[in-house]
Amino acid sequence: YSFCTLLEERRGEKEEGRVYNPIMRIAICGAGPAGSLLAGLLAKDGHTVFVYEKRGDSRNASIHQRTFIGLLLTLRGEHQVAQVGLSLDEIKTYTSHLDGRFIHNSDGTRTLVQWGSSAGSSCRSIDRTRFINSLVNKAEALGAVFSFNNPVTDINVQDGIVHTEGGEAPADPFDLIVGCDGVNSVVRNYGFKHTIDMTETAYCWLIINKGTHDTSKINVWPHTFGIAHGTPSYHREDKINITFIIKVELMKEFQGNPAKVKSYLQTHAKRLLECDDTIPEQIASADYGLFRTIVSDMVSKEGNLALLGDSAHAMSPYLGQGMNISLEDATELARSLRQHPTDIQAALRLFSSQRTPEYKACHSLVDLQRRYFTNYIRAPLTTLRMKYHAVMRQVAPFAYPPTLREMVNNPEFTFVEAEELLNWQNQFWCFGRIYE
């Protein structure tokens with residue numbers, strides 16, 4: 001049974017009477033959230049779409065997918081996935097609604113940071129695997145074909161040929177090849193200008209007891225050299241998933257040394273240590289990773305390659321928008337191809353001109369949040385500033401734009417607009433910078 005004939009069988013399953021005129025043959029490398037959404041959008045528009053993914057099909061119960069922690073879906077992201085028929089009712093079955101952030105201070109108090117007054121300012125903590133499964137199901141129903149355990153290993157850019165590890169790729173050339181294959185992108189090596197910044201930050205994933213924590217909020221524990229933030233666990237209702245972030249040199253020192261971890265937490269993050277006495281051992285034995293910031297051209301100079309999501313603009317998680325801006329990349333590329341159905345070069349130029357300013361502005365806002373959390377417990381005026389701006393928003397709302405969270409969560413705002421409004425606000429109100 002040939003993988004290459006599966007597409008035509010899928011086409012025959014489409015409802016009778018629908019007009020379907022294939023326009024382009026498109027290869028998508030990577031079946032994460034952005035790649036799976038793009039596959040559905042392009043198949044919906046009539047393109048012939050093949051998706052190559054290095055991991056197994058997580059819809060297969062025998063396939064173990066590592067749980068990703070702290071993935072947030074905002075109104076911006078919900079708006080994108082709705083375009084392939086993924087409804088909010090379905091999304092709700094594997095998400096938890098979050099309407100603010102509790103910052104756990106070292107003195108035992110908590111600071112509640114609301115994300116704005118509008119409904120669109122909230123977000124959802126999401127089960128990544130089930131979310132991707134939903135997008136793959138939608139894309140396959142629309143005619144896209146997925147090949148799992150079959151990563152792209154090489155690309156013949158001039159001829160539009162994709163070579164995969166499994167060797168089972170169509171011999172016919174592709175009109176467009178899209179890299180959605182993450183921070184270790186293979187596609188990015190072909191004609192893309194890019195920089196990769198290996199930051200001084202490491203991360204690991206922990207699981208702690210829920211206890212009395214309010215899981216309708218993100219729980220945040222700032223510490224001198226990093227941050228820990230927790231979201232609800234989907235597999236254990238009595239647990240919270242934690243992403244623990246700290247300087248690389250400290251993480252290295254912690255490996256195999258739970259006593260040193262405990263000593264550090266007692267001094268710098270006592271409130272986190274009190275949550276679960278297994279935390280020192282979890283950190284000391286963690287398989288930690290390094291955050292990488294990637295800034296890349298969205299479109300290659302060769303003309304038939306494009307990048308989406310983390311392949312083009314991986315960023316630190318402080319703003320919680322990495323997945324949402326990647327989903328937006330997918331819808332914008334599909335829209336650009338619709339606007340220029342006979343001119344791929346024009347479509348890609350339009351896509352790049354729209355998205356490059358967006359991800360650069362998002363990087364800037366992420367850095368603002370990073371500096372806020374890094375300096376939080378060392379800046380005595382931080383709490384006072386937050387209270388001041390909260391009061392001023394009540395007294396003079398006409399002088400204040402929406403909060404940062406309201407702007408970045410809402411698809412009606414671009415990230416460029418959010419950055420411009422925030423800069424204006426910071427200049428207008430001279431009493432400290434506004435971080436939330």
Side-chain angles (χ1 to χ4, degrees), residues 32-33 54-55 58 64-72 104 125-129 181-185 195-209 218-236 239-294 309-311 313-323 363 366-367 369-374 376-377:
K54 66 179 180 181
R55 297 185 178 89
S58 57
H64 172 71
Q65 292 282 3
R66 187 172 188 175
T67 301
F68 283 69
I69 296 173
L71 202 60
L72 299 182
H104 297 259
S125 177
I126 193 164
D127 184 319
R128 183 183 190 274
T129 298
D181 45 346
V183 294
N184 298 313
S185 174
T195 58
I196 299 178
D197 176 24
M198 298 294 291
T199 67
E200 299 179 352
T201 308
Y203 66 93
C204 66
W205 296 318
L206 316 172
I207 299 178
I208 69 170
N209 293 317
I218 291 180
N219 286 273
V220 178
W221 294 266
H223 51 94
T224 306
F225 300 109
I227 185 177
H229 60 85
T231 54
S233 171
Y234 303 98
H235 308 288
R236 293 281 301 277
K239 300 292 183 179
I240 294 178
N241 295 328
I242 296 287
T243 305
F244 182 76
I245 303 171
I246 197 168
K247 286 188 174 181
V248 175
E249 57 267 28
L250 284 174
M251 183 67 84
K252 291 180 179 178
E253 293 177 8
F254 289 163
Q255 296 307 291
N257 195 341
K260 189 161 191 173
V261 178
K262 185 174 182 179
S263 176
Y264 172 84
L265 295 178
Q266 284 177 333
T267 303
H268 300 286
K270 186 176 181 180
R271 302 303 298 176
L272 176 61
L273 182 61
E274 293 173 352
C275 296
D276 195 308
D277 57 10
T278 68
I279 288 178
E281 185 62 42
Q282 289 189 60
I283 295 175
S285 60
D287 181 16
Y288 69 89
L290 302 178
F291 282 123
R292 279 173 285 185
T293 298
I294 295 174
D310 284 352
S311 302
H313 50 69
M315 56 190 69
S316 297
Y318 291 98
L319 195 62
Q321 291 296 322
M323 181 182 71
H363 268 297
V366 168
D367 186 61
Q369 287 281 280
R370 180 192 60 78
R371 285 186 280 118
Y372 163 64
F373 282 118
T374 301
Y376 179 81
I377 63 175

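Sequential numbering from 1 along the given sequence is applied to the chain's residues.
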With sequence neighbours left out, write down each residue that passes side chain to side chain donor-acceptor pair (under 3.5 Å) with [X], or none if nothing qualifies.
X	answer
Glu253	Lys260
Tyr203	none
Lys262	none
Asn184	Arg292

| field | Of His268, His229, His104, the residue whose pairing with Trp221 passes ring pair (Phe, Tyr, Trp, His ring centres under 6.0 Å) | value |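 Only match with Trp221 under ring pair (Phe, Tyr, Trp, His ring centres under 6.0 Å): His104.
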State, to 0.1 Å, how close [X] and [Y] come at their nearest heavy-atom pair, and which atoms those are.
X	Y	result
Pro258	Ala284	N-CB, 3.6 Å
Ala228	Ile242	CB-CG2, 4.0 Å
Gly32	Arg128	CA-NH2, 4.4 Å
Ala202	Val248	N-CG2, 3.8 Å

| said: Tell me whether Lys239 at atom NZ has more than 12 heavy atoms from other residues, nucleotides or ligands lying less than 6.0 Å away. | reply: yes
Between [atom1] on residue [X] and [atom2] on residue [Y], distance to nearest 0.5 Å:
X	Y	atom1	atom2	result
Ile279	Leu272	CD1	CG	4.0 Å
Leu206	Ile240	CG	CD1	12.0 Å
Leu265	Phe244	CG	CZ	5.5 Å
Asn219	Ile208	CG	CD1	7.5 Å
Thr201	Leu250	OG1	CG	11.0 Å

| side-chain contact (heavy atoms from CB on, under 4.5 Å) against Gln255, all qualifying residues, sequence neighbours excluded |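 So Gln255 forms a side-chain contact (heavy atoms from CB on, under 4.5 Å) with Met251, Tyr288.
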What I'd like to find out is whether the side chain of [X] reaches to under 4.5 Å of the side chain of [Y], using heavy atoms alone.
X	Y	answer
Val366	Gln321	no
Ile294	Asp310	no
Leu72	Ile218	yes
Cys204	Ile246	no

| Any donor-acceptor pair under 3.5 Å linking the side chain of Thr243 with the backbone of Trp205? |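 No: the side chain of Thr243 does not pair with the backbone of Trp205.
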| request: Quick one: which residue pairs count as a salt bridge (Lys or Arg N to Asp or Glu O under 4.0 Å) with a foot in residues 274-284, not counting sequence neighbours? | output: Arg271-Glu274
| said: What verdict does the side chain to side chain contact (heavy atoms under 4.5 Å, CB included) test give for Ile207 and Asn241, after you've listed the backbone C-alpha separation in whole Å, the side-chain angles of each residue and the deciding distance to 0.1 Å? | reply: CA-CA 5 Å; Ile207 299 178; Asn241 295 328; 3.9 Å; yes
